Amino acid sequence: MDIFNSALGMNITFIRPPYFIISGFIGLPNIKYYYFFLFFVYFVSVLGNVAVMAVICLDHNLRTPKYVAVFNLAFVDLLGSCALVPKVLDIFLFNHYYVPYNDCLTFLFFCYTCLSMQALNLVALCYDRLMAIMFPLHYHVKVTHKIMFSMITFFWLFVITCVLLAVGLLTRLSFCKSLVINSYFCDYGQLYRLACNDYFPNSVVGNLLPVLFLWLPFLFIVSSYICIGCVLAKVTAAHERAKTFKTCTAHLLLVVIFFLPIIITFTMSLRIHPNARIINLSLTSVFPPMLNPIIYVLQTQEIKVSLKKILKIRRKSRITGK
């Protein structure tokens with residue numbers, strides 16, 4: 001009990017520094033080109049996700065429960081990219097390595113919230129595919145607007161609560177040693193280890209967050225696709241199996257792009273160089289938001305048809321205007 005009392009700040013004066021120092025990459029030449037590359041990825045990501053959100057809003061045929069989750073994924077990708085990349089570019093391209101204390105905690109909150117919501121959005125989309133394939137006759141009963149809105153609202157509230165708890169515990173730490181964060185953003189694990197008082201509760205939360213927002217979503221998705229595979233194995237016609245499985249390809253690509261680099265980084269974190277870790281995590285943060293809209297446009301027939309309709313209407317309006 002004394003451990004938690006000390007962490008919760010009972011009869012303790014906390015030492016809060018005016019700023020933290022984000023170290024970024026160590027000893028890499030011409031690293032500024034990498035940041036220009038991040039800006040390009042960010043620019044494409046913003047355009048792609050805004051386009052997907054606009055198409056879903058403009059086309060009434062896309063206002064189905066599935067596309068509620070797709071819209072939310074595009075929104076989270078857009079929010080996450082806007083929270084991360086401009087700040088990273090400001091820090092490293094303009095040499096603003098000193099990040100004020102409150103700004104660092106805000107930066108951490110938005111990065112972790114968006115990253116966690118990306119994983120849970122993939123769970124919502126997985127639930128849609130699972131119900132569509134396992135219960136095709138009852139799909140419209142098991143996947144409704146109310147169920148999808150309730151699921152996504154619960155995910156948002158759960159993520160915000162957990163991340164706020166983690167940030168709140170950071171405010172109960174004293175920093176009287178090094179202020180250098182060996183990462184490209186205000187990383188939670190790197191941050192609490194700089195404290196000079198007891199950080200056991202932070203360590204518990206730091207180990208719990210990946211379980212809640214990485215491993216459990218990943219296990220749910222893998223289990224769902226095992227069930228889907230068992231259902232498809234019972235389908236006798238090969239072309240029917242291929243047709244049904246094709247409806248999952250976009251989601252599977254999103255899952256691989258998002259989870260694979262993070263899992264590799266977490267499982268090999270002690271064996272890889274800090275620079276390699278930073279590159280892997282930064283690309284994991286910016287690539288899925290860029291690729292998600294591209295994958296959905298190329299792999300989803302409904303969005304293709306909707307885009308063609310919107311472009312035809314605009315062409316006709318331009319011709320009549322002329």
Side-chain angles (χ1 to χ4, degrees), residues 19-53 73-100 103-119 121-122 163 180-191 213-214 253-266 268-269 272-298:
Y19 56 80
F20 290 102
I21 303 169
I22 310 294
S23 67
F25 295 100
I26 302 169
L28 285 182
N30 302 318
I31 194 60
K32 287 190 175 182
Y33 293 110
Y34 178 71
Y35 298 124
F36 285 118
F37 170 71
L38 285 185
F39 175 75
F40 169 76
V41 173
Y42 166 70
F43 181 74
V44 175
S45 174
V46 170
L47 288 180
N49 286 294
V50 168
V52 168
M53 292 165 67
L73 179 63
F75 172 74
V76 171
D77 286 344
L78 180 64
L79 181 64
S81 296
C82 291
L84 177 68
V85 180
K87 187 65 177 176
V88 169
L89 296 180
D90 177 62
I91 292 170
F92 297 109
L93 280 182
F94 300 100
N95 301 324
H96 295 157
Y97 301 105
Y98 296 80
V99 180
D103 291 358
C104 195
L105 296 188
T106 304
F107 190 23
L108 181 152
F109 171 79
F110 279 104
C111 289
Y112 271 79
T113 298
C114 293
L115 196 66
S116 302
M117 275 305 300
Q118 284 177 343
N121 262 303
L122 293 175
V163 178
V180 179
I181 301 173
N182 297 316
S183 186
Y184 66 101
F185 77 114
C186 295
D187 194 340
Y188 186 79
Q190 297 285 334
L191 197 55
F213 302 122
L214 176 64
L253 285 171
L254 301 187
V255 169
V256 171
I257 290 168
F258 178 79
F259 282 103
L260 191 61
I262 295 181
I263 289 173
I264 290 173
T265 303
F266 268 86
M268 299 182 62
S269 59
I272 60 176
H273 193 274
N275 286 342
R277 179 179 178 275
I278 291 174
I279 289 176
N280 199 358
L281 285 177
S282 60
L283 290 179
T284 302
S285 301
V286 297
F287 257 103
M290 181 189 74
L291 294 176
N292 289 353
I294 296 172
I295 289 170
Y296 260 102
V297 169
L298 294 178

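Quantities reported herein were computed from a predicted structural model and do not represent experimental measurements. Here, residue 1 is the first one in the sequence, and each next residue gets the next number.
With hydrogens and angles disregarded, a donor-acceptor distance shorter than 3.5 Å links the side chain of Asn292 to the backbone of Pro288. In terms of modelled atom types and a separation under 3.5 Å, the side chain of Asn121 and the main chain of Met117 share a donor-acceptor contact. For the pair Tyr188 (side chain) and Tyr112 (backbone), a donor-acceptor distance under 3.5 Å is absent.
In this structure, the side-chain contact (heavy atoms from CB on, under 4.5 Å) partners of Leu281, at least two apart in sequence or on a different chain, are Tyr184, Thr265, Arg277. Partners of Leu253 under the side-chain contact (heavy atoms from CB on, under 4.5 Å) rule, at least two apart in sequence or in another chain, are Ile295, Gln299. The side-chain contact (heavy atoms from CB on, under 4.5 Å) test applied to Asn275 returns Phe25, Ile26, Leu28, His273, not counting sequence neighbours. Every residue meeting the ring-ring contact (aromatic ring centres under 6.0 Å, His included) condition with Phe213, not counting sequence neighbours, appears here in chain and number order: Phe158. Every side-chain contact (heavy atoms from CB on, under 4.5 Å) that Ser23 has, sequence neighbours left out, goes to Val180, Asn182.
The two atoms that bring Thr284 and Asn280 nearest to each other are OG1-O, 2.6 Å, heavy atoms only. Taking each heavy atom of Asp187 and Leu108 in turn, the nearest pair found is C-CD1, 4.2 Å.
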Let's go through Phe107 and Ile22 carefully: what are the C-alpha distance in whole Å and the side-chain angles of both, what is the deciding distance for side chain to side chain contact (heavy atoms under 4.5 Å, CB included) to 0.1 Å, and is it a yes or a no? CA-CA 12 Å; Phe107 190 23; Ile22 310 294; 5.8 Å; no
Side chains of residues 29-50: which donor-acceptor pairs under 3.5 Å do they make with residues two or more places apart or in other chains?
{"unit_1": "Tyr34", "atom_1": "OH", "unit_2": "Ser282", "atom_2": "OG", "d": "2.5"}
{"unit_1": "Ser45", "atom_1": "OG", "unit_2": "Asn49", "atom_2": "ND2", "d": "3.2"}
{"unit_1": "Ser45", "atom_1": "OG", "unit_2": "Ser81", "atom_2": "OG", "d": "3.2"}
{"unit_1": "Ser45", "atom_1": "OG", "unit_2": "Pro289", "atom_2": "O", "d": "3.3"}
{"unit_1": "Asn49", "atom_1": "ND2", "unit_2": "Ser45", "atom_2": "O", "d": "2.8"}
{"unit_1": "Asn49", "atom_1": "ND2", "unit_2": "Pro289", "atom_2": "O", "d": "2.8"}

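Taking the side chain as every heavy atom from C-beta outward, Phe258 and Leu254 never approach each other to under 4.5 Å. Lys87 places none of its side-chain heavy atoms less than 4.5 Å from the side chain of Phe185. Side chains of Phe110 and Leu84 form no contact here, defined as non-hydrogen atoms less than 4.5 Å apart. Counting only heavy atoms from C-beta outward, the side chains of Tyr98 and Phe20 never approach each other to under 4.5 Å.
Cys111 does not pair with Cys186 as a disulfide, the SG atoms being 2.5 Å or more apart.
Around the CZ atom of Phe75, the shell of radius 6.0 Å holds no more than 12 heavy atoms that belong to other residues, nucleotides or ligands.
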